[in-house]
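Structure, as structure tokens:
Reminder, nothing fancy here: chain letters follow the sequence lines and each chain counts from 1.
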Amino acid sequence: MSSETTILWFRRDLRLADHDALNAARVRGSCVIPVFIWAPEEEAPWQPGAASRWWLHQSLHALRVSLRELGSDLIIRRGPSLDAIRQLIAETGATAVYWSRLYEPAVIERDRVIKTALREAGIEAKSFNAALLHEPWTVQTTQGKPYQVFTPFYRACQALGDPSTPLKKPTALPPIPALASLEIDALELLPSIRWYTGIAAAWQPGEEGGLKRLGGFAPIAPRYKSERDRPDLESTSRLSPHLHFGEISPRQVWWAIRKAHPGGAAEPYLRQLIWREFAHHLLYHFPHTTSEPLRPEFKRFPWSEDARLLRAWQKGRTGYPIVDAGMRELWHTGWMHNRVRMIVASFLVKDLLVPWQAGARWFWDTLVDADLANNSLGWQWTAGCGADAAPYFRIFNPALQGEKFDPDGAYVRRWVPELARIDTRGLHRVFERDRQELAAAGVEVGRDYPAALVDHSAARDAALAAYDRIKRFE
DNA sequence: TATATGTTGTC
DNA sequence: ACAACATAT
């Protein structure tokens, strides 16, 4: 009996369907012991932020309910992870530990140490893929090197063909012996101040919530092609937090979309899944890019460390309506539309000249889908210092972007209600309008809505001049 | 998945 | 007057 006991170590694979490690553990023997170990310090310097912890709390609850429905349970312990695993082995006589791989540098190193220690102790330690269509070392250039440009990476992935079809969720699981477990509340993942009510209203964490979201999105996925850039519409999948926590797998998403649209009408969306793969590829092969620019010349970029500017951006008080709408959507819901992420990021980095790392940190703490791979890629792309980077001179004009992608102003009116009565023409450039006109809509700039933090045209010139300075010494 | 500006074409 | 396009950043 004990020789068949397998510890199933859950981390960010919080689902029961399409779970290779779970499947292998069931095949191996009659006893599977699901465990979650809370050890945030092992992920330093990128331990989960506040929004992620809220999500994790909910997701662990959902996973525990699902496991109990199938006759099993979720044992919850505190780290250090290796100590907790050893303790469980002593308590259960387990002879194997299975888990799903992650790709953050600190986690890779932690897992490597644990795998080695377990094997030296005669335990079968085995990891599985659960998070990616193609793991980072399975895609390489003809030179055998990692990709640094998206399009060739995308083609290489296409050449690898469709992933295997997802595994079904088990209908029953073996019962587990009586073991001590913490309550989820004991992990204190929820903040003492209840700032998360807006987040709770917007999301259903957990496998069921993820599958519901996928089921709702798959039929309308073709809309993604034409409406993806419209934050005032609901045309994106909003699957990112579910994917981050592994509540659904990219294989499940891939096949649900493919089967709903065999003609290829949803290819633009599937291409975005490959961006996610690309981000993990880069994180794995260039692990320093979480904090350092991939292009070294950006190390001497003359950033401004103006805390006042950073704070205004964080609070959504920049005086640029589309930027403020995005930052407030983020604060209230733990999420921001991707087009708006690019706009607010460009504003922070290029208009305010605040280091991209400061923006990445804020996103890390406030996004429910905060993901080290995606976050690092996104910020470096915006700053122009990363792989496949936007050339530095691509500077978003927040007024133009607003007019183009929020043409009716509905997104701004929703998240910046003090501007709700201003007519659409000129809503996105409220700083250019005269006082009387705004007074008629009940707005006094500087009292009801902040004056523009910087003049975009001048800020653009300053950013280009700063870039010119680092370029000259290339 | 950029923008500002200048030139050319069309009415 | 303004769209369409080219080009520099």
Side-chain angles (χ1 to χ4, degrees), chain A residues 147-155 157 221 223-233 235-237 240 266-279 281-282 294-295 297-298 301-302 320 322-323 326 335-353 356 359-360 363 369 371 373-407 411 425 428-429 431-432 452 454-474:
Chain A
Y147 283 96
Q148 295 197 49
V149 181
F150 176 71
T151 304
F153 177 84
Y154 177 63
R155 293 208 185 96
C157 288
R223 272 194 215 165
Y224 186 84
K225 182 179 163 66
S226 56
E227 296 179 358
R228 52 187 274 182
D229 283 321
R230 291 285 299 271
D232 55 329
L233 310 177
S235 303
T236 62
S237 71
S240 50
E267 285 307 307
Y269 177 75
L270 293 178
R271 190 181 161 92
Q272 294 307 117
L273 276 188
I274 304 301
W275 269 101
R276 180 177 171 278
E277 302 281 314
F278 185 48
H281 183 83
L282 291 172
L294 183 71
R295 299 185 183 198
E297 70 269 24
F298 276 84
F301 191 89
Y320 283 84
I322 192 78
V323 174
W335 186 85
M336 195 195 305
H337 186 281
N338 189 53
R339 164 56 56 177
V340 188
R341 291 189 198 196
M342 292 193 279
I343 298 169
V344 302
S346 175
F347 188 80
L348 182 74
V349 168
K350 310 229 167 142
D351 286 60
L352 303 183
L353 293 176
W356 61 269
F363 272 26
D369 64 23
D371 182 277
N374 294 330
N375 203 40
S376 307
L377 170 76
W379 279 97
Q380 294 226 23
W381 186 90
T382 298
C385 61
D388 207 335
Y392 193 80
F393 47 75
R394 271 188 206 163
I395 297 167
F396 287 64
N397 178 325
L400 279 181
Q401 289 280 317
E403 285 161 354
K404 208 164 156 188
F405 299 119
D406 181 30
Y411 180 75
R425 182 190 300 272
H428 289 289
R429 45 184 85 241
F431 39 82
E432 285 175 7
V454 291
D455 172 70
H456 173 69
S457 176
R460 181 177 187 275
D461 293 344
L464 289 171
Y467 177 61
D468 211 46
R469 258 185 283 163
I470 68 164
K471 211 177 57 174
R472 226 172 291 160
F473 300 101
E474 256 180 350

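In this entry the distance linking CG of A:Leu400 with P of B:dT5 reads 11 Å, nearest Å. Going from atom CG of A:Asp468 over to atom P of C:dT9 covers 9 Å, rounded to whole Å. One atom, CE of A:Met342, and another, P of B:dA2, lie 8 Å apart when rounded to the nearest Å. B:dA4 atom P lies 15 Å from atom OH of A:Tyr392, rounded to whole Å. Rounded to whole Å, atom P of C:dT9 lies 11 Å from atom CZ of A:Arg460. Taking atom CZ on A:Arg341 and atom P on B:dA2, their separation rounds to 18 Å, with Å as the unit. In this structure, A:Phe396 places its CZ atom 16 Å from C1' of C:dT9, rounding to the nearest Å. Between A:Lys350 atom NZ and C:dT9 atom C1' there is a gap of 11 Å when expressed in whole angstrom units.
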Verdict with supporting geometry, A:Trp379 and A:Phe363, ring pair (Phe, Tyr, Trp, His ring centres under 6.0 Å)
CA-CA 10 Å; A:Trp379 279 97; A:Phe363 272 26; 5.0 Å; yes
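The aromatic rings of A:Tyr147 and A:His281 sit tilted relative to each other, their planes meeting at an angle between 30° and 60°.
Taking the six-membered ring wherever Trp is involved, the centroid distance between the rings of A:Tyr320 and A:Phe431 falls below 6.0 Å. Between A:Phe301 and A:Tyr392, the ring centre distance stays below 6.0 Å.
At least one side-chain nitrogen or oxygen of A:Asn397 sits closer than 4.0 Å to the OP1 or OP2 atom of B:dA4. Considering only side-chain N and O atoms, A:Gln401 lies nowhere under 4.0 angstrom from the phosphate OP1 or OP2 of B:dT1.
Side chain of A:Arg339, nearest nucleotide from B:dT3, C:dT9, B:dT1: B:dT1. Of the candidate nucleotides C:dT9, B:dT3, B:dT1, B:dT1 has the atom nearest to the side chain of A:Trp275.
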